[in-house]
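What follows is one structure encoded as structure tokens, with my remarks underneath.
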Amino acid sequence: MAAPDLESLSEFIDSLREVETLLSVAPTPLGAGGVAAQAHDRELANAVTRSSIVMLVAHFEGFVKAALTELIDEICEAKPPTRRIPEGLLELHTRGRIEEIFGTEGPERIHKTRKLFSAYASLWDADRTINPQVLSAKILTRQFTNAKPEILESVFNILDVDDVLSQIDAHVNREIAARGDEATRVKVDVKLTEIVNRRNKIAHGDRTEKPTPIEVQNYITFLKDVANCLSSVIQSRILHCCSLR
């Protein structure tokens, strides 16, 4: 079975053109015209790069959620035996139902308890075909609240990927070396934290954050490399989970 191409990766790559188009609007070089014109150019340049950061991170986070959705969709279509499904994913779905039970009382609690055993007990029968009606992409994607490394790692731990940051780190730095730019080697966890923090500050009105066009372009390249790695990781998970053996 060949690894399926992720539509989410292609869509993310396409979305980067939107960020690059926005970035191209920034006036460069600055300094032409009078004082008022220069001030306007600086304000426009700052507005463009700030908006570019917000848009870029939004597109990346959208990619991750879409890729996780593709994983669930592929599992639901293939209907493999439950032993192929990561136990963290099974636990996540079961836990949600248990939490629902304790949030109710009376007849509703009885109904939800009955449903837990009638519908969700099959998730823990290794030889049963997975029931697509009890798997939800929303339950998984809800765990991905932002692109910070600790959140990314916790979501992929649910999928039995315990070293996702190490995999991304190795991939990103291989790509940097292939471009002949060893001087810009990065630590992925530090870079992701930096980008998300800058987005958050800008989104919450911190006007002191003024990324340069070069910084934004570097972030674009970095997140493209990260997305390519995550796509490969999820493709691998799809191949594992959807095996019928």
Side-chain angles (χ1 to χ4, degrees), residues 1 3-9 12 60-168 189 192 196 226-227 229-245:
M1 179 180 177
D5 294 330
L6 294 187
E7 290 183 12
S8 52
L9 178 63
F12 175 64
F60 177 73
E61 291 174 343
F63 153 72
V64 175
K65 289 189 175 185
L68 294 172
T69 298
E70 285 189 69
L71 168 65
I72 299 298
D73 288 347
E74 291 287 343
I75 292 172
C76 290
E77 183 175 347
K79 299 179 184 177
T82 59
R83 64 177 176 272
R84 305 300 300 182
I85 310 304
E87 289 190 343
L89 190 58
L90 301 178
E91 187 275 337
L92 177 66
H93 281 74
T94 309
R95 172 167 30 103
R97 305 293 73 76
I98 293 172
E99 290 170 350
E100 284 182 0
I101 290 171
F102 285 99
T104 59
E105 58 184 23
E108 187 178 2
R109 176 177 289 187
I110 293 171
H111 169 72
K112 289 184 180 295
T113 301
R114 183 183 297 114
K115 185 177 180 181
L116 172 68
F117 286 94
S118 63
Y120 290 89
S122 63
L123 289 176
W124 298 96
D125 185 342
D127 294 323
R128 289 281 295 273
T129 297
I130 195 73
N131 180 0
Q133 298 299 317
V134 301
L135 286 186
S136 167
K138 288 183 179 179
I139 289 176
L140 179 58
T141 59
R142 203 176 292 141
Q143 311 309 306
F144 183 71
T145 54
N146 62 65
K148 285 190 175 181
E150 61 270 21
I151 301 297
L152 198 62
E153 188 169 46
S154 68
V155 170
F156 278 82
N157 281 341
I158 294 171
L159 304 177
D160 286 351
V161 181
D162 298 325
D163 59 348
V164 70
L165 291 179
S166 296
Q167 291 188 51
I168 298 171
D189 57 342
L192 280 173
V196 176
V226 173
C229 182
L230 289 178
S231 176
S232 295
V233 170
I234 291 180
Q235 285 174 334
S236 177
R237 288 284 78 194
I238 289 172
L239 286 177
H240 172 82
C241 292
C242 294
S243 171
L244 301 181
R245 294 192 301 275

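Values below: all heavy atoms of this structure, side chains included; hydrogens, waters and symmetry mates excluded.
In this structure, V233 and I168 have side chains that are not in contact, with every pair of non-hydrogen atoms separated by 4.5 Å or more. At a threshold of 4.5 Å between non-hydrogen side-chain atoms, the residues P86 and C241 count as touching. Between T69 and I72 the shortest side-chain heavy-atom distance does not fall below 4.5 Å. Looking at heavy atoms from C-beta onward, E150 lies out of side-chain contact with E153 at the 4.5 angstrom threshold. Taking 4.5 Å as the limit, some side-chain heavy atom of L159 sits within range of a side-chain heavy atom of L68. Between P132 and K79 there is a side-chain heavy-atom pair separated by less than 4.5 Å.
By the side-chain contact (heavy atoms from CB on, under 4.5 Å) test, I110 is found to be paired with R114, residues two or more places apart in sequence or in another chain being considered. For the ring-ring contact (aromatic ring centres under 6.0 Å, His included) test, no residue two or more places apart in sequence or in another chain qualifies with F156. For E70, the side chain to side chain donor-acceptor pair (under 3.5 Å) criterion is met by S8, not counting sequence neighbours. Shown here are the side-chain contact (heavy atoms from CB on, under 4.5 Å) partners of A227, two or more places apart in sequence or in another chain: L9, F12, F60, F63. Every residue meeting the side-chain contact (heavy atoms from CB on, under 4.5 Å) condition with T145, not counting sequence neighbours, appears here in chain and number order: I151. T82 pairs by the side-chain contact (heavy atoms from CB on, under 4.5 Å) definition with I130, not counting sequence neighbours. Taking the side chain to side chain donor-acceptor pair (under 3.5 Å) definition, one finds that E100 meets it with R97, sequence neighbours left out. For K148, the side chain to side chain donor-acceptor pair (under 3.5 Å) test picks out N197, with sequence neighbours left out. By the salt bridge (Lys or Arg N to Asp or Glu O under 4.0 Å) test, R95 is found to be paired with E91, residues two or more places apart in sequence or in another chain being considered.
With I238 as reference, L6 is the one residue of L6, D73, I75 to meet the side chain to side chain contact (heavy atoms under 4.5 Å, CB included) rule.
Rounding to the nearest 0.5 Å gives a distance of 9.5 Å between CG of L123 and CG of L116. From D160, atom CG reaches atom CZ of R237 across 6.0 Å, with rounding to the nearest 0.5 Å. Atom CG in L192 sits 7.5 Å away from atom CG in L165 (nearest 0.5 Å). Atom OG in S243 sits 4.0 Å away from atom CZ in R84 (nearest 0.5 Å). A distance of 13.5 Å separates CD in E87 from CG in L92, rounded to the nearest 0.5 Å.
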Please list, one pair per line, the donor and acceptor atoms closer than 3.5 Å that link side chains of residues 134-141 to other protein atoms, with sequence neighbours excluded.
{"unit_1": "S136", "atom_1": "OG", "unit_2": "K138", "atom_2": "N", "d": "3.2"}
{"unit_1": "S136", "atom_1": "OG", "unit_2": "I139", "atom_2": "N", "d": "3.3"}
{"unit_1": "T141", "atom_1": "OG1", "unit_2": "A137", "atom_2": "O", "d": "3.1"}
{"unit_1": "T141", "atom_1": "OG1", "unit_2": "K138", "atom_2": "O", "d": "3.3"}

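Within a 6.0 Å sphere centred on NE2 of H111, other residues, nucleotides and ligands contribute 12 heavy atoms or fewer.
Heavy atoms only, all atoms of each residue included: P80 and I85 are closest at CG-CD1, 3.9 Å.
Residue pairs that meet the ring pair (Phe, Tyr, Trp, His ring centres under 6.0 Å) test with at least one member in residues 125-148, sequence neighbours left out, do not exist here. Note on residues 116-128: pairs passing side chain to side chain donor-acceptor pair (under 3.5 Å), not counting sequence neighbours, are R83-D127, T94-W124.
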